[in-house]
Enquirer: 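Here you go, one structure.
A note on names: the letters A, B, ... follow the listed sequences, proteins ahead of strands, and every chain is numbered from 1. Computed from heavy atoms alone, side chains included, the values below leave out hydrogens, waters and symmetry copies.
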Protein chains: 2
Amino acid sequence: MPVTKDVLLLQVITHNRMTDKKEKILIAALKLFANEGYNATSTSKIAKEAGVSEGLIFRHFGNKEGLRDAILLDGEEKARIFFADIIFETDPQELIRKFLNLSRKVAEDQEVSDFWKLQYKLKWELEVYGEHKMEPLEHALSVAFSKMGYPEPALEARLLLINLDGIATRYFLQKNFDLDAVISFMHTKYKL
Amino acid sequence: MPVTKDVLLLQVITHNRMTDKKEKILIAALKLFANEGYNATSTSKIAKEAGVSEGLIFRHFGNKEGLRDAILLDGEEKARIFFADIIFETDPQELIRKFLNLSRKVAEDQEVSDFWKLQYKLKWELEVYGEHKMEPLEHALSVAFSKMGYPEPALEARLLLINLDGIATRYFLQKNFDLDAVISFMHTKYKL
DNA sequence: GTTTTTTATGTGAGTGCTTACTTATTTATA
DNA sequence: TATAAATAAGTAAGCACTCACATAAAAAAC
């Protein structure tokens with residue numbers, strides 16, 4: 001069975017249900033990890049924020065690392081959904097355009113913004129990049145650049161993704177970063 | 001008195017001297033903060049790594065934050081020195097070439113690598129970008145692009161610096177990142 | 001359909017250990 | 001000998017995690 005957009009969406013709809021309190025722990029941990037960092041957030045703090053006994057964290061997730069991994073696993077799914085619309089675009093120009101619009105889409109929604117901030121924060125705190133998450137996107141970009149006649153589509157795709165990491169760094173950390181100026185400049189560079 | 005390369009270098013040579021053990025603490029803390037993170041590194045660990053009693057850290061730096069700030073302050077100076085050779089280059093093509101060579105220079109020296117890794121790690125842990133550190137470099141790049149006839153030199157410079165942040169993210173976090181492939185591709189893109 | 005048994009969910013007071021930091025005392029240097 | 005540098009041995013607070021126990025929900029037995 002081939003992987004399609006519908007299959008990706010289905011995987012989220014059929015996601016295993018969980019208890020109210022378990023979900024509250026996940027939401028509280030996501031918020032605290034994103035704002036204070038993983039190591040700086042204690043399990044007692046998470047329990048307090050979630051309105052739950054501390055022991056329940058360990059009942060559901062085994063240990064603190066288990067809670068972290070549960071959040072990361074959930075994140076992989078969210079990321080795939082977030083990229084699905086780009087990956088299955090057939091027109092190359094439109095694909096690049098949609099890709100460049102990613103950061104604007106992130107900036108528009110506070111919850112989405114927090115999610116990606118956490119992803120980058122954890123990357124640096126745990127020192128794992130998780131390149132497999134970006135691989136389908138890189139491949140789709142590479143195909144698009146190839147269709148558009150670029151001489152080095154694979155490298156062109158990689159460089160564009162590296163650029164996205166740079167933009168994320170600035171957007172989340174530099175207080176007066178002018179996102180629109182940079183994105184529209186990139187539009188002209190790629191002749192869109 | 002105008003700021004020149006010599007003035008920048010002088011500031012390091014005349015830098016206040018410090019005791020052996022104080023410097024050992026700074027070196028150990030830099031290494032541990034860079035590789036394990038600020039919150040994940042205990043003062044006792046630093047003392048052990050430096051071969052020094054734990055109390056000495058607090059005698060010299062007051063508290064853990066004081067040690068962190070001392071490292072960051074030292075870092076601003078190191079960053080200026082590191083960029084000086086690029087900023088005072090007059091030939092635009094050579095300036096861009098030297099800039100693109102920065103990451104290779106970082107990769108060559110473990111201590112320099114630790115230093116820049118720490119800078120980025122702390123950026124994310126403390127959520128401050130410190131754009132003023134990069135401003136002279138951005139200005140120099142902008143002038144170079146202007147000399148080379150680029151229509152939007154300021155934006156071109158900013159995009160190149162953003163790219164550097166992306167490259168740093170990959171270089172420090174993605175285990176199999178091919179730095180040389182990306183850098184040499186950028187050389188061709190800028191026709192160097 | 002009610003009782004009994006089993007399982008899943010949840011609690012809060014502990015556990016030993018580590019943390020950042022202090023203080024009293026000794027060692028080196030000028 | 002006076003002052004600064006360094007140490008060893010603390011301290012209270014906070015950490016991740018455990019455990020005996022309570023309750024609620026589901027399954028099984030009658």
Enquirer: Please check if any side-chain donor atom of A:Thr43 sits under 3.5 Å from a side-chain acceptor atom of A:Glu54, or the reverse.
Expert: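 Yes, because at least one side-chain N or O of A:Thr43 sits under 3.5 Å from a partner of the opposite role on A:Glu54.
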Enquirer: If two hydrophobic side chains count as joined below 4.5 Å and joins carry through other members, does A:Ile27 share a cluster with A:Leu72?
Expert: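 As far as the 4.5 Å side-chain criterion goes, A:Leu72 and A:Ile27 are not connected within one cluster.
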Enquirer: For the pair B:Lys64 (side chain) and B:Tyr38 (backbone), establish whether a donor and an acceptor sit closer than 3.5 Å, ignoring hydrogens and angles.
Expert: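 Yes: the side chain of B:Lys64 pairs with the backbone of B:Tyr38.
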Enquirer: Does a side chain donor of either B:Tyr129 or B:Asp165 reach within less than 3.5 Å of an acceptor in the other side chain?
Expert: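 Distance-only check passes for B:Tyr129 and B:Asp165.
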Enquirer: From the options D:dA6, C:dC21, C:dT11, select the nucleotide whose nearest atom is closest to the side chain of B:Leu56.
Expert: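 Nearest listed nucleotide: D:dA6.
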Enquirer: Kindly state whether the ring of A:Tyr171 and the ring of A:Tyr120 have centres lying under 6.0 angstrom apart.
Expert: no
Enquirer: Select one nucleotide: of C:dT11, C:dA20, D:dA16, the one nearest the side-chain heavy atoms of A:Phe58.
Expert: D:dA16
Enquirer: Please report, to 0.1 Å, the donor-acceptor pairs under 3.5 Å made by any side chain of residues 95-102 of chain B, with sequence neighbours excluded.
Expert:
from     : atom 1 : to       : atom 2 : distance (Å)
B:Arg97  : NH1    : B:Glu94  : OE1    : 2.7
B:Lys98  : NZ     : B:Asp85  : OD1    : 3.4
B:Lys98  : NZ     : B:Glu89  : OE1    : 2.8
B:Asn101 : OD1    : B:Arg104 : NH1    : 3.2

Enquirer: Considering heavy-atom distances to DNA chain D, does A:Glu54 or B:Glu54 have its closest nucleotide positioned more toward the 5' end?
Expert: B:Glu54
Enquirer: Taking only side-chain N and O atoms of A:Ser53, does any of them lie within less than 4.0 angstrom of OP1 or OP2 on C:dG10?
Expert: no
Enquirer: Which angle, to the nearest 10 degrees, lies between the helix axes at the two ends of the helix from C:dG1-D:dC30 to C:dA30-D:dT1, each defined by five pairs?
Expert: 20°
Enquirer: Between C:dT11, D:dA16, C:dA20, which nucleotide gets closest to the side-chain atoms of A:Lys21?
Expert: C:dT11
Enquirer: Is A:His60 near enough to C:dG10 that one of its side-chain N or O atoms lies under 4.0 angstrom from OP1 or OP2?
Expert: yes
Enquirer: May I ask you to verify if any side-chain N or O of A:Thr43 is less than 4.0 angstrom from the OP1 or OP2 atom of D:dA16?
Expert: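 Result: yes.
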Enquirer: Grab the CD1-P distance between B:Ile57 and D:dT7 for me, whole Å please.
Expert: 10 Å
Enquirer: When the nearest nucleotide of DNA chain D is assigned to A:Asn63 and to A:Arg59 on a heavy-atom basis, which residue is associated with the more 5' position?
Expert: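 Final value for this comparison: A:Asn63.
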Enquirer: For B:Asn39 and D:dC15, give me the distance from atom CG to atom P, rounded to whole Å.
Expert: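 After rounding, the gap between these two atoms is 11 Å.
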Enquirer: Determine whether a donor-acceptor pair (N or O, by modelled atom type, separation under 3.5 Å) exists between the side chain of B:Ser113 and the backbone of B:Asp109.
Expert: no
Enquirer: Can you identify which nucleotide, out of C:dC21, D:dC15, C:dT9, has its nearest atom closest to the A:Ser42 side chain?
Expert: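 Between C:dC21, D:dC15, C:dT9, the one nearest the side chain of A:Ser42 would be D:dC15.
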